[in-house]
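Values below: every heavy atom of this structure, side chains too, minus hydrogens, waters and symmetry copies. Numbers here simply count residues along the sequence, with the first being 1. Both counts, for ligands and for their atoms, begin at 1 and track the order of listing. Small disclaimer: the values here were computed from a predicted structure and weren't measured.
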Amino acid sequence: MLITGVSGLLGNNLAYYFKDKYEILGLYNSHPVTIDGIYTERCQLFQPDEIKRIISDYHPKIVIHCASLTNIDECEIDKDGTKKINVLATKNIVEAVRDRDVKLIYISSDSVYEGVKGDYSEDDRIGPQNYYGLSKYEGELEVFKKENALVFRTNIFGWNIQNKKSLGEWILGELKAKQRINGFKDAYFSTIYTMELARVIDISIKKDLTGLYNCGGLDPCSKYEFGLKIADCFGLDKTLITPISIDDSNFKAKRGKNLTLNVNKLQKGFDYRLPTINHSVEAFYRDYKCGLPEEIRRNQVEAQEKSVFIPYGRQWIDASDVQAVNTVMSSRRITQGPKVEEFEDALAEYCGAKHGVAVNSGTSALHIACCAAGVGEGNEVISSPITFVASTNCAVYCGAKPVFADIDKRTYNISPEEIEKRITERTRAIIPVHFAGQSCDMATISQVVRSAEKKYGHKIFIIEDACHALGSKYQNTQVGSSPFSDMTVLSFHPVKHITTGEGGAVLTNDEKLYRKLKRFRSHGITSTPGEFIYENLAFQASSVGRQPLMIPWYYEQVDLGYNYRITDIQCALGLSQLRKLHKFRDRRRKIVNRYNEAFSSIEPIRIPFESEDCDSNFHLYVLLFDFDQIGIQRTEFMNELKSRGVQTQVHYIPVHTQPYYQQNFGTKWGDYPNGEEYYQKCLSIPLFPAMTELDVERVINEITDLARGKS
Ligand SMILES: Cc1ncc(COP(=O)(O)O)c(C=O)c1O
């Protein structure tokens with residue numbers, strides 16, 4: 001079930017009501033919400049592609065469209081904004097579900113009626129007195145373009161999770177605080193409690209009701225009388241309510257005085273007696289006594305707390321990911337099944353590579369890539385000092401010596417000129433790291449390597465460490481297609497572009513390397529004829545045919561490999577995530593553009609340089625700060641940001657300065673000045689697709705405030 005407007009009164013209350021009956025995805029626009037047991041996602045419904053993608057990703061069976069601007073006076077002032085949300089968004093939803101087997105339920109309003117005679121039935125002429133009513137009616141017209149749609153015209157009260165209050169809550173709050181309030185004695189309506197409306201919707205789904213229905217309380221009353229009912233039921237002082245005429249208030253938008261609904265059609269439709277307003281108020285009271293409002297709001301508080309602290313990176317897992325994992329969990333094979341290959345093929349296809357081998361981490365991927373390249377004792381492997389230790393540890397695992405080549409000051413990537421200086425006859429492999437997402441200068445690196453190969457007369461492998469660069473492009477081709485390298489390595493750690501929990505992969509266009517990689521992933525074992533050392537032992541003569549029979553249990557260990565296998569559970573997640581990579585990429589780019597705009601004019605800050613050859617799918621957004629100019633140490637700067645809810649991180653402490661490297665390979669501070677200078681100034685600030693606009697603006701404000709504050 002998909003519910004739009006899940007941060008609003010009705011959407012939220014419906015999600016609450018239905019959460020144990022359906023798997024629910026709730027959509028919000030600007031107010032993130034979490035509700036235990038339901039998935040929520042941001043969607044700008046007025047963008048047709050966003051809702052289309054959600055419908056095709058989740059294929060809901062039921063869509064309840066509650067999202068709407070409902071403040072009648074604000075709608076009157078902002079007609080364009082109202083049209084966008086109440087009409088255009090509805091149109092987009094209808095278009096997204098029109099040709100699908102989806103039950104579409106639209107929540108309209110009593111405001112579509114003129115509000116003069118009252119007891120309106122569905123056949124009565126519409127005559128909205130304000131733009132809100134008109135926009136809801138136009139929404140209905142859109143909805144009926146979908147066959148078998150269901151529309152309820154209603155008027156509700158219930159429990160808000162935002163700071164807004166519906167009429168019932170407002171009256172209750174004021175009376176409890178012993179405040180005097182006015183109640184309109186001449187404005188009549190047929191209001192219904194949200195949880196009662198939820199029950200009606202529940203039954204209507206079961207009975208497959210279609211068409212247009214009024215839905216409201218059976219015994220209409222004035223808003224003043226409604227106040228009295230609440231005071232009575234909650235045992236509050238009803239003399240605090242003063243009856244006045246609606247004519248005495250100065251609303252921006254006109255309102256009908258008698259919007260009472262005739263609900264006979266609905267009652268006949270499914271043989272159900274709708275609640276009286278008294279009944280609704282009693283249910284409202286019962287839920288209040290059971291602590292429902294607090295429970296509903298607690299979700300929101302928790303959501304706010306979650307967004308109060310903004311980490312530097314994190315995954316985006318949604319309902320479709322969970323669904324994908326669940327499917328594998330309840331299947332026969334949870335590891336070494338079909339999902340691994342499916343994921344490998346999808347990765348290879350996305351990146352434009354011939355083969356993919358998925359493993360349980362980026363580190364394992366680097367290790368098997370080195371193994372496949374034959375890295376071993378006596379060899380040297382060149383990489384960047386500005387990377388995660390895994391980029392060079394993989395060489396050490398194989399018994400080789402790690403060698404560093406300094407970075408380019410502009411891109412922070414390994415410099416081809418520095419590689420050239422470091423290549424020796426012992427060099428077996430180069431591991432260029434596409435730092436933060438931007439590809440290294442692969443064309444020049446490959447030239448340098450090719451001429452060194454000629455000079456030394458042996459192959460030098462190029463293994464791209466693209467753990468930061470899935471979805472990036474270099475010279476208009478996808479990173480991973482490896483036109484300048486032998487293999488490309490990816491990581492699916494949760495802070496990366498897509499996640500499998502932990503995971504990684506090696507991509508290659510070379511069949512031989514591919515076979516080796518598969519073997520190193522799994523103990524160095526093969527069951528593939530053609531790869532056997534003792535081929536004759538794999539077969540025995542057949543007693544029936546001429547062809548010898550392959551011995552079914554036969555396998556050989558031909559290398560010393562590892563258990564670096566990834567599970568089907570993880571690959572199902574990876575596949576589901578990969579389908580969303582384009583969306584993650586767009587979102588990262590949008591945030592980066594906003595950051596660039598915000599930080600480029602702040603003097604002690606340097607924004608990332610983007611090379612013309614590259615189109616980075618920014619994994620990290622690294623700013624260089626002149627902390628001396630700002631007059632604050634980096635530690636204080638980070639701590640202060642943290643206390644304001646913004647996590648930053650340093651990527652990375654130069655690998656050659658790590659004690660293990662200093663002690664075992666004799667490297668020291670001062671060896672790689674560009675990398676070390678970069679390290680003194682760098683700070684990665686939050687960047688992940690699930691960041692809201694508000695998160696982004698908060699990060700900008702806190703950082704600019706601090707960077708400007710003392711400079
Ligand atoms: C550049 C680089 N290479 C390799 C790795 C190792 O990947 P994993 O954490 O999946 O083992 C990382 C992880 O952060 C990384 O940043």
Side-chain angles (χ1 to χ4, degrees), residues 311-315 343 347 356-371 375 381-398 402 404-405 407 411-414 429-440 442 462-472 474 479-480 485 487-507 517 520-521 562-567 570-571 573-574 577-578 588 608 616-622 649-656 658 661 675 678-679 682 684 687-688:
Y312 87 85
R314 78 168 151 82
Q315 74 279 13
F343 182 47
L347 268 178
V357 178
V359 287
N360 58 4
S361 73
T363 305
S364 317
L366 281 163
H367 187 191
I368 61 168
C370 284
C371 293
V375 172
V381 173
I382 302 174
S383 190
S384 170
I386 298 302
T387 184
F388 185 54
V389 291
S391 309
T392 48
N393 282 349
C394 53
V396 184
Y397 297 153
C398 294
F404 297 94
I407 60 166
T411 62
Y412 321 141
N413 273 331
I414 194 166
I430 316 285
I431 306 183
V433 181
H434 303 321
F435 181 74
Q438 174 159 249
S439 171
C440 295
M442 292 307 297
I462 302 178
I463 303 166
E464 294 177 64
D465 181 341
C467 289
H468 294 190
L470 175 60
S472 296
Y474 172 67
V479 166
S485 68
M487 289 171 272
T488 300
V489 168
L490 303 169
S491 160
F492 312 122
H493 181 273
V495 294
K496 301 294 191 328
H497 300 95
I498 64 167
T499 191
T500 56
E502 293 278 356
V506 189
L507 302 171
L517 290 165
F520 281 112
R521 167 175 67 183
Y562 306 87
N563 179 357
Y564 284 166
R565 289 190 304 261
I566 189 166
T567 63
Q570 291 169 290
C571 289
L573 176 57
Q577 288 263 296
L578 194 58
R588 281 180 187 272
S616 170
N617 183 11
F618 280 76
H619 157 53
L620 300 173
Y621 188 86
V622 182
Q649 189 53 279
V650 170
H651 294 101
Y652 295 92
I653 301 174
V655 182
H656 68 277
Q658 293 294 346
Y661 280 79
Y678 157 86
Y679 162 67
C682 67
S684 307
L687 175 60
F688 50 94

Participant: Do any nitrogen or oxygen atoms of Gly362 lie less than 3.5 angstrom from nitrogen or oxygen atoms of ligand 1?
Facilitator: yes
Participant: With the threshold set at under 4.0 angstrom, would you say Ser391 reaches ligand 1 through any of its heavy atoms?
Facilitator: yes
Participant: Measuring from atom CD of Gln438 to atom OH of Tyr474, what distance do you get when rounded to the nearest 0.5 angstrom?
Facilitator: 10.5 Å
Participant: Under 6.0 Å between ring centres: does that hold for His367 and Tyr397?
Facilitator: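 That pair passes the under 6.0 Å test.
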Participant: Below 3.5 angstrom, do we get any N/O pair linking Lys496 and ligand 1?
Facilitator: yes
Participant: Classify the contact between Val433 and ligand 1 as side chain, backbone, both or neither, using a heavy-atom distance cut-off of under 4.0 Å.
Facilitator: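 Side chain only.
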Participant: If only side-chain N and O atoms count, and only distance matters, is there a donor-acceptor pair under 3.5 Å linking His493 with Glu502?
Facilitator: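 Side-chain D/A pair, Glu502 to His493: absent.
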Participant: Any idea which atoms of ligand 1 are less than 4.0 Å away from a heavy-atom of Thr363?
Facilitator: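 Atoms satisfying the 4.0 Å criterion: 6 (C), 7 (O), 8 (P), 11 (O).
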Participant: Would you kindly specify which portion of Leu366 sits under 4.0 Å from ligand 1, judged on non-hydrogen atoms: side chain, backbone, both or neither?
Facilitator: side chain
Participant: State, to 0.1 Å, how close Thr500 and Gly574 come at their nearest heavy-atom pair, and which atoms those are.
Facilitator: CG2-CA, 3.6 Å
Participant: Which atoms of ligand 1 sit under 4.0 Å from any heavy atom of Thr387?
Facilitator: 1 (C)
Participant: Under 30°, 30 to 60°, or over 60°: which ring-plane class applies to His619 and His468, parallel, tilted or perpendicular?
Facilitator: tilted
Participant: Taking atom types as modelled and ignoring hydrogens, do the side chains of Asn360 and Tyr562 form a donor-acceptor contact shorter than 3.5 angstrom?
Facilitator: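 Distance-only check fails for Asn360 and Tyr562.
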Participant: By number and element, which atoms of ligand 1 are closer than 4.0 Å to a non-hydrogen atom of His468?
Facilitator: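 Under 4.0 Å from His468, ligand 1 has these atoms: 1 (C), 15 (C), 16 (O).
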Participant: Does ligand 1 have an atom that lies less than 4.0 angstrom from a heavy atom of Gly503?
Facilitator: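 A heavy atom of Gly503 does come that close to ligand 1.
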Participant: With only distance considered, is Ser491 within less than 3.5 Å of ligand 1 through an N or O on each side?
Facilitator: yes
Participant: Please confirm whether Tyr652 comes within less than 3.5 Å of ligand 1 when only nitrogen or oxygen atoms on both sides are compared.
Facilitator: yes
